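A short worksheet on the structure shown next.
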Number of protein chains: 2
Amino acid sequence: MDGLTINDAAQTTGWSPRMLRYIERSGLVVPRRSASGYRLYGPEQLQRLRTLRELLRSFQIGLGDVGFARRLRREPRLSAAVTGWLEADAVRPAHVAADDWLSFEQDKHERLLVAAGRVNS
Amino acid sequence: MDGLTINDAAQTTGWSPRMLRYIERSGLVVPRRSASGYRLYGPEQLQRLRTLRELLRSFQIGLGDVGFARRLRREPRLSAAVTGWLEADAVRPAHVAADDWLSFEQDKHERLLVAAGRVNS
DNA sequence: GGAACATTGACACGCATGTGTTAGGGTTGG
DNA sequence: CCAACCCTAACACATGCGTGTCAATGTTCC
């Protein structure tokens, strides 16, 4: 009963029907289905779609970026590995001698990848 | 003096010289330059390049993803906006009545976007 | 000074993303 | 029952990413 069908949802959110299906396939906004398989968008989802539009526009990012951000929140090991890699940019700790820097870095990276539990060869 | 030139760096890191230039342009690993403009890769950078390779491979992500993760750490407003959007997926707080859920969500989104300080129309 | 390397810039190609459109076939509602 | 909607699948096209390669030119070093 309640829930807009795809064309109406498109109308009120500014997306095209085509894009609503695409966004659904990307997993970002997945509407429920009617008995006969029609997509039904509830009010929260309409709001989410509008906000998503604004998000992408105002930060010039893509759906893939939002998807990746979601992966980061859901996969702590991914998050830890990426964060660790990025932090290797940080300033060298004062208590680490210059000659030890490399092995320090190497160890840190190894710890991170091990912590990330890579199963691959 | 110390620092490998691009071909040697490529050799020991598993990247191609082409990709090292590409990675530099993406801002992820930027070597210093010799007086005459040659790229010089230091030990930390070589290590970072190896680790980057491992990172991309073991999590099936791309350079763009790592770049986006970096943006997330550097742009708190982006981070807040994305996080906020993703959290709208979370379970509805028990103290918020169902009828208020939409306006709650809407307010939250507005607060987040305002906090994100979008200058755009 | 010449072989072996570096630089930037460009052409190119395959694959993924974002988006429209069309085709063939169900569903709904007056 | 028929117009107006929905569904999936597919063709199509622009753009961007990852990557190789080639051209024109400068640098290093024996």
Side-chain angles (χ1 to χ4, degrees), chain A residues 1-42 45-46 48-71 82 85, chain B residues 1-42 45-46 48-71 82 85:
Chain A
M1 254 336 37
D2 86 316
L4 296 198
T5 186
I6 198 172
N7 253 314
D8 296 348
Q11 212 76 25
T12 60
T13 58
W15 293 100
S16 67
R18 176 68 163 86
M19 281 310 292
L20 292 187
R21 299 198 183 93
Y22 187 70
I23 291 170
E24 175 179 14
R25 209 153 40 87
S26 85
L28 292 179
V29 176
V30 180
R32 65 192 175 79
R33 298 299 187 104
S34 76
S36 57
Y38 284 20
R39 289 173 181 79
L40 293 178
Y41 290 87
Q45 289 170 324
L46 296 174
R48 260 168 85 64
L49 285 170
R50 293 191 200 98
T51 314
L52 178 59
R53 211 169 165 50
E54 199 47 24
L55 188 62
L56 301 194
R57 197 184 61 73
S58 48
F59 292 100
Q60 297 282 324
I61 64 182
L63 294 174
D65 293 324
V66 181
F68 182 67
R70 198 182 37 173
R71 273 194 76 184
V82 172
W85 192 87
Chain B
M1 234 28 342
D2 86 315
L4 295 197
T5 187
I6 198 171
N7 253 314
D8 296 347
Q11 212 74 26
T12 60
T13 59
W15 293 101
S16 66
R18 176 68 165 88
M19 282 311 291
L20 291 187
R21 299 199 182 94
Y22 187 71
I23 290 170
E24 175 180 14
R25 206 154 43 84
S26 85
L28 291 179
V29 176
V30 180
R32 65 191 175 80
R33 297 301 187 102
S34 75
S36 58
Y38 283 21
R39 290 174 182 78
L40 292 179
Y41 291 88
Q45 290 170 324
L46 296 174
R48 260 169 86 63
L49 285 169
R50 293 191 199 99
T51 315
L52 178 59
R53 211 168 165 52
E54 199 46 25
L55 187 61
L56 301 193
R57 196 184 62 73
S58 48
F59 292 99
Q60 297 282 325
I61 65 183
L63 294 174
D65 292 324
V66 181
F68 183 67
R70 198 182 40 171
R71 274 194 75 185
V82 173
W85 192 88

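Chain naming here is simple, since letters A, B, ... match the order of the sequence lines and numbering starts at 1 in each. As the structure is a computational prediction, the values presented were derived from the model and not from experiment.
We find that CZ of B:R33 is positioned 10 Å from C1' of C:dT8, with the value rounded to whole Å. A:F68 places its CZ atom 15 Å from the P atom of D:dC17, with the value rounded to the nearest Å. To the nearest angstrom, C1' of C:dT19 lies 12 Å from CG of A:L20. The distance from atom CZ of B:R39 to atom P of D:dG26 is 17 Å, rounded to the nearest whole Å. Atom CG in A:L4 sits about 14 Å away from atom P in D:dC5, given to the nearest Å. Going from atom CD of B:Q60 over to atom C1' of D:dC17 covers 15 Å, rounded to whole Å. Rounded to an integer number of Å, the gap from B:R25 CZ to C:dT8 C1' is 11 Å. Rounded to a whole Å, the CD1 atom of B:I6 is 12 Å from the P atom of D:dG20.
When each of D:dC6, D:dG20, D:dT19 is scored by its nearest atom to the side-chain atoms of A:N7, the top-ranked nucleotide is D:dC6. In this structure, the nucleotide among C:dT28, D:dG20, D:dT27 sitting nearest to the side chain of B:M19 is D:dG20. If you check C:dT19, D:dC6, C:dT7 against the side chain of A:Y22, the one that comes closest is C:dT19. Set against D:dT28, C:dT17, D:dT19, the side chain of B:S36 has D:dT28 as its closest nucleotide.
The phosphate of C:dA6 has OP1 or OP2 within less than 4.0 Å of a side-chain N or O from B:T5. A close approach under 4.0 Å does not occur between any side-chain nitrogen or oxygen of A:R18 and OP1 or OP2 of D:dC11.
A salt bridge does not link B:D8 with B:R39: every distance from a Lys NZ or Arg NE/NH1/NH2 to an Asp or Glu carboxylate oxygen is 4.0 Å or more. Between B:E24 and B:R21 no salt bridge is recorded (no basic side-chain N to carboxylate O distance below 4.0 Å).
A donor-acceptor pair under 3.5 Å is formed between the side chain of A:R53 and the backbone N or O of A:G14.
The nearest heavy atom of DNA chain D to B:D65 and to B:Y38 marks one nucleotide each, and the one closer to the 5' end goes with B:D65. Along DNA chain D, the nucleotide nearest to B:L63 and the one nearest to B:A35 differ in position, and the one closer to the 5' end is contacted by B:L63.
A:S34 comes within 4.0 angstrom of no nucleic acid atom, judged by non-hydrogen atoms across all strands. Contact annotation for B:R21: base contact, defined as any heavy-atom pair under 4.0 Å involving a base atom.
Distance check, rounded to the nearest 0.5 Å: CG of B:D65 to CG of A:D65 gives 7.0 Å.
Using a 4.5 Å cut-off on side-chain heavy atoms (C-beta onward), A:L63 and A:L52 make contact.
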